[in-house]
Undergrad: 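Once you've had a glance at the structure underneath, I'll fire off some questions.
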Amino acid sequence: MTDDFYRNVGGIREPDPTLGKSVQPEPAPEPVLPEPEPPPRVRRQRVVLAEPSRSAGSLRARVELEQQTSWGELLIKDLIKVQLRSGVALALLVLAVLGALPAVFFFWPSFTDLRFVGIPLPWLLLGVAPFPLLFGVGLWYNRLAERHERDFVDMIEN
Amino acid sequence: MQVNPWALTSVGLVIVVTYYLGRRTSRFARSTHDFLVARRTVRSRRNAAAISGEYISAASFLGVAGLVLKEGADALWFPIGFTAGYLALMLFVAAPLRRSGAYTLPDFLEARLGSASLRTFSTWFVVFIGILYMLPQLQGAGLALKTIMPAPAWVGSVLVTVVVAINVMGGGMRAITLVQAFQYWLKLFALAVPTFVLCVVFFGSGGSGSAGSLGQQPPPRFTDDTTVSIETDVVLHVDRPTLVRVDDEETVWLPGTDYPVGTGTELFFAEDARVPVVADGALTNESWLRPTKDSTDLLSTYSLMFALFLGTMGLPHVLVRFYTNPDGKAARRTTVQVLLLLGLFYLFPVMIGALSRMYVPELLVTGNTDAAVLQVPSAMVPGVFGQILVAITAAGAFAAFLATASGLLVSVSGVIATDLLGGKVRDFRVATIVVAAIPAGLAVLLPIDDLSLTVGMSFALAASTFCPLLVLGIWWRKLTWLGAMAGMSVGGGLVLTAVVLGAISARTGGWAPWFIEQPALITVPAAFLFTIVVSLGTARRVPDDVNAVMLRLHAPDPLGFMRDRAVARFGKAEERVRTGKGRHRK
């Protein structure tokens with residue numbers, strides 16, 4: 001029954017946060033009313049510890065973003081624009097490469113007779129080559145997008 | 001077809017393991033939040049394996065090899081498109097969709113455009129696409145079971161439906177995540193191992209199969225006197241005069257003529273006869289090796305690329321897995337890993353397809369090319385070892401049916417439970433039974449078509465209905481719900497018209513041009529156009545909170561603008577203390 005009293009981390013009960021400290025204002029009301037009160041006290045302590053990392057300036061920026069002031073709106077619009085631009089650019093790159101293949105096969109039929117290690121070149125170009133290309137572009141976009149987001153967060157926090 | 005005990009055992013094993021994993025992971029699933037989105041706690045690596053596992057359906061596992069066997073180089077676009085679809089999804093949809101906090105596709109549309117009628121309308125499209133996609137999975141199960149034991153086709157369909165429905169009812173999304181991740185690795189193994197063995201056999205035999213090497217110009221030929229019994233009506237072509245005995249009556253087939261052959265006919269070919277090919281397949285090895293031979297090929301290839309590239313993002317069972325990521329960044333990372341996993345997988349069906357052209361040419365006569373993966377191992381490696389290889393591929397095939405069907409079942413019954421019923425766990429279970437019963441019934445009643453082609457139509461439908469809504473909804477502020485409705489009706493209506501016309505044309509002589517069979521190149525731009533024009537015309541209906549929604553979709557995760565709509569509606573999944581039933585873990 002006292003399981004709810006202390007925080008559980010990965011199934012392992014954490015020790016009493018006040019353990020070993022010389023603060024002990026109230027003796028022990030636990031056996032009387034274990035259920036409703038104690039957990040919030042433990043949690044409140046954590047929130048207070050986490051707070052100082054966020055400066056007052058970042059809080060104001062967040063509020064401005066949320067309240068849709070013209071400045072906040074402009075900021076988020078810029079972020080959307082830069083994300084969309086990198087997405088479209090990479091999509092066009094892939095479309096240009098893959099879309100060129102059928103055209104090459106059609107307008108230049110002798111190309112399809114070329115062989116590489118005995119395997120017809122079109123089969124290598126269609127059966128193997130696109131997959132590393134797609135994965136590479138995916139990685140690239142992931143890096144770009146995460147960088148844009150990090151820049152945005154940095155800007156808000158300063 | 002005689003019984004293959006190894007294959008029966010392996011299929012049974014897959015079903016038991018699937019059931020066990022589902023049961024084990026669904027033990028803690030209690031709330032709607034668990035059933036819809038697995039509490040949004042699935043890490044990116046497991047989620048990527050689960051997405052790939054769910055995505056590699058019968059169409060990928062059996063269908064790609066079958067199409068390669070029949071059509072050759074042109075079929076290589078299917079794996080490319082299946083994979084590239086995830087790139088499009090990642091570039092334009094993944095992270096913002098997750099940040100929207102929605103739990104189904106209709107829910108996202110309502111969150112963005114604030115219209116309840118649009119929500120209901122799109123619900124029906126999700127249900128339709130889901131059932132259309134589930135149908136080939138169940139039919140594939142029937143087909144696969146038929147090649148390993150003498151059973152009517154409906155047994156396989158019903159078996160898969162029942163296993164999947166039990167799992168999904170037990171724990172919804174929570175139950176199927178681990179199952180699907182496991183099934184990805186199983187499928188990779190089940191195709192990679194036979195491919196390696198068969199390649200060794202192939203090169204050991206001097207680089208040409210029993211039916212002739214692929215470098216030769218003419219069609220493949222039969223190595224022995226062969227009797228082929230036709231199980232569905234086909235139209236056959238020959239490349240050179242071929243002596244055939246049709247039901248004990250000798251005739252000579254000539255090039256350039258259609259030879260329709262009815263169900264139940266027995267064809268006898270002498271040794272060394274050239275193999276006739278079903279009407280839409282590549283007749284000679286030379287045309288099989290060469291991609292894009294005429295302008296129709298060129299256009300339909302582009303159309304196919306379009307459908308697959310943009311259709312993936314509109315498939316309900318794919319999207320629903322993205323809602324289970326913890327945040328937008330994880331959604332993006334998941335997709336990168338999916339690109340890797342899928343690219344790895346698709347190398348193998350292509351090789352199997354090419355090998356089967358050299359070793360099981362009789363499939364070209366029956367038109368049953370989807371069975372290539374299941375038949376080529378025993379054709380190349382005689383004896384028990386060949387049967388064990390068949391058992392491995394059969395296990396992979398059943399993993400494919402189970403994984404995809406369970407993903408579709410979760411997504412469609414999630415939509416029905418939250419939009420048409422009350423959204424409680426009990427409603428979810430009721431919806432699961434209904435949604436499982438409909439495609440199972442259809443799979444038993446309808447004739448079997450090429451697996452990849454039916455799936456191709458679902459991609460075209462998804463690309464012409466949901467893709468414009470998602471892309472415009474995420475990146476364009478001026479979208480209105482009327483525009484969305486117009487685009488969805490036009491795109492969906494055009495694709496359905498094409499389906500109907502295609503079915504009519506197939507029964508009346510195949511007069512339909514390429515854009516009836518691959519409509520996406522026309523329907524997708526039409527859907528985009530109508531969405532944009534109608535939205536601009538109804539600019540007054542742009543929702544008031546569009547800026548707040550856009551902020552939520554695009555603001556980076558650390559700023560904490562994400563709101564979980566599932567929690568807002570159904571309440572938080574209460575953290576049950578695990579001592580609840582006296583069961584301690586760790």
Side-chain angles (χ1 to χ4, degrees), chain A residues 1 3-4 8 10-12 58 61-62 65-66 68 72-73 76-77 79-80 83-84 86-88 90-91 94-95 98-99 101-107 109 112-113 118 120 122-123 125-128 130-139 141-142 145-146 148-153 156-157, chain B residues 68 73 76-77 79-80 83-84 86-88 90-92 95-96 207 215 289-295 297-298 301-302 305 309 328-329 332-333 335-340 342-344 346-347 350-351 354 474-475 547-548 550-551 553-561 577-579 584-586:
Chain A
M1 276 297 106
D3 274 340
D4 292 343
N8 276 331
I12 300 168
S58 91
R62 266 187 50 113
L65 274 180
E66 197 150 24
Q68 306 283 319
E73 206 176 299
I76 196 74
K77 263 187 183 156
L79 176 70
I80 294 176
Q83 296 282 47
L84 182 62
S86 49
V88 169
L90 289 179
V94 170
L95 275 186
L98 292 182
L101 288 177
V104 168
F105 297 145
F106 177 62
F107 290 112
T112 53
D113 295 331
W123 281 70
L125 284 180
L126 294 177
V128 181
F131 302 112
L133 170 78
L134 292 171
F135 178 58
V137 171
L139 270 183
Y141 176 73
N142 193 38
E146 287 189 3
H148 295 154
E149 294 190 348
R150 225 172 14 244
D151 290 350
F152 185 79
V153 174
I156 295 292
E157 307 224 313
Chain B
V68 170
L76 297 178
W77 285 106
I80 297 176
T83 315
Y86 277 95
L87 187 68
M90 174 181 181
L91 295 180
F92 300 118
L289 277 176
R290 188 184 288 270
T292 325
K293 290 160 293 283
D294 49 44
S295 57
D297 269 2
L298 187 67
T301 303
Y302 279 128
M305 267 169 84
F309 205 80
K329 194 166 134 191
R332 225 185 277 124
R333 292 194 166 169
T335 332
V336 180
Q337 297 178 44
V338 170
L339 287 172
L340 178 67
L342 287 183
L344 198 61
Y346 280 124
L347 297 177
V350 171
M351 290 208 258
I474 287 172
W475 301 102
N547 283 325
M550 289 306 245
L551 174 69
L553 293 182
H554 293 280
D557 306 307
L559 296 180
F561 285 117
V577 183
R578 278 167 181 169
T579 51
H584 291 267
R585 302 185 72 207
K586 282 191 196 161

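The chains referred to below are lettered A, B, ... by the order of the sequence lines, with proteins before strands, and numbering in each begins at 1.
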Undergrad: Measuring from A:I76:CD1 to B:H554:NE2, what's the distance to the nearest 0.5 Å?
TA: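 Those atoms lie 7.5 Å apart.
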Undergrad: In terms of heavy-atom proximity below 4.5 Å to chain B, should A:V88 be classed as side chain, backbone, both, or neither?
TA: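 Both the backbone and the side chain of A:V88 come within 4.5 Å of chain B.
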Undergrad: Can you tell me how far CD of A:E146 sits from NZ of B:K329, rounded to the nearest 0.5 angstrom?
TA: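 Nearest 0.5 Å value for the NZ-CD distance: 5.0 Å.
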Undergrad: Distance from A:F135 atom CZ to B:Q337 atom CD, nearest 0.5 Å?
TA: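 Rounded to the nearest 0.5 Å, the CZ-CD separation comes out at 8.0 Å.
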Undergrad: Are A:F105 and B:L298 close enough that some pair of their side-chain heavy atoms sits under 4.5 Å apart?
TA: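 No - every pair of side-chain heavy atoms lies 4.5 Å or more apart.
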Undergrad: Kindly give the heavy-atom pair with the smallest separation between A:A91 and B:F92, and that separation in Å.
TA: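 Reported closest heavy-atom pair: CB-CZ, 3.9 Å.
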Undergrad: Let me confirm one number: the CD-CG distance from A:Q83 to B:L91, rounded to the nearest 0.5 Å.
TA: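 Those atoms lie 10.5 Å apart.
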Undergrad: Kindly indicate, with the supporting measurements, whether the criterion side chain to side chain contact (heavy atoms under 4.5 Å, CB included) is fulfilled by A:F131 and B:L344.
TA: CA-CA 8 Å; A:F131 302 112; B:L344 198 61; over 6 Å; no
Undergrad: With respect to chain B, which residue among A:L98, A:L133, A:L95 yields the maximal number of heavy-atom pairs within a distance under 4.5 Å?
TA: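 Going by pairs under 4.5 Å, I would pick A:L98.
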Undergrad: Could you tell me whether the side chain of A:L101 reaches within less than 4.5 Å of the side chain of B:W77, counting heavy atoms only?
TA: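 Yes; the side chains approach each other to less than 4.5 Å.
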Undergrad: Evaluate the side-chain proximity of B:L76 to A:P130: yes if any heavy-atom separation is below 4.5 Å, no if none is.
TA: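 No, too far: nothing below the 4.5 Å cut-off.
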Undergrad: Compare all side-chain heavy atoms of A:E149 with those of B:R332 and state whether any distance is below 4.5 angstrom.
TA: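 Yes; the side chains approach each other to less than 4.5 Å.
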Undergrad: How close do A:G127 and B:L347 get, heavy atom to heavy atom, and via which atoms?
TA: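 Heavy-atom minimum between the residues: O-CD2, 3.6 Å.
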Undergrad: Which bit of A:L79 comes within less than 4.5 Å of chain B, counting heavy atoms only: side chain, backbone, both or neither?
TA: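 Contact with chain B involves the side chain of A:L79 alone.
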Undergrad: With a 4.5 angstrom heavy-atom cut-off, which part of B:A84 approaches chain A: side chain, backbone, both or neither?
TA: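 Looking at B:A84, backbone and side chain both touch chain A.
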Undergrad: Would you indicate whether the side-chain heavy atoms of B:V68 and A:W123 approach each other to under 4.5 Å?
TA: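 Contact flag for A:W123/B:V68 side chains = yes.
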Undergrad: Could you check B:L340, B:T83, B:L342 and say which one makes a side chain to side chain contact (heavy atoms under 4.5 Å, CB included) with A:L134?
TA: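 Passing option: B:T83.
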Undergrad: Is chain A contacted by the side chain of B:M305, its backbone, both, or neither, given a heavy-atom distance below 4.5 Å?
TA: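 When you check distances to chain A, only side chain atoms of B:M305 fall under 4.5 Å.
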Undergrad: Work out which heavy atom in B:L289 is nearest to a heavy atom in A:P120; give both atom names and the distance.
TA: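 Result for this residue pair: CD2-CG, 4.0 Å.
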Undergrad: Check whether B:I80 gets within reach of chain A through its side chain, its backbone, both or neither, counting any heavy atom under 4.5 Å.
TA: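 For B:I80, the contact with chain A is made by backbone and side chain together.
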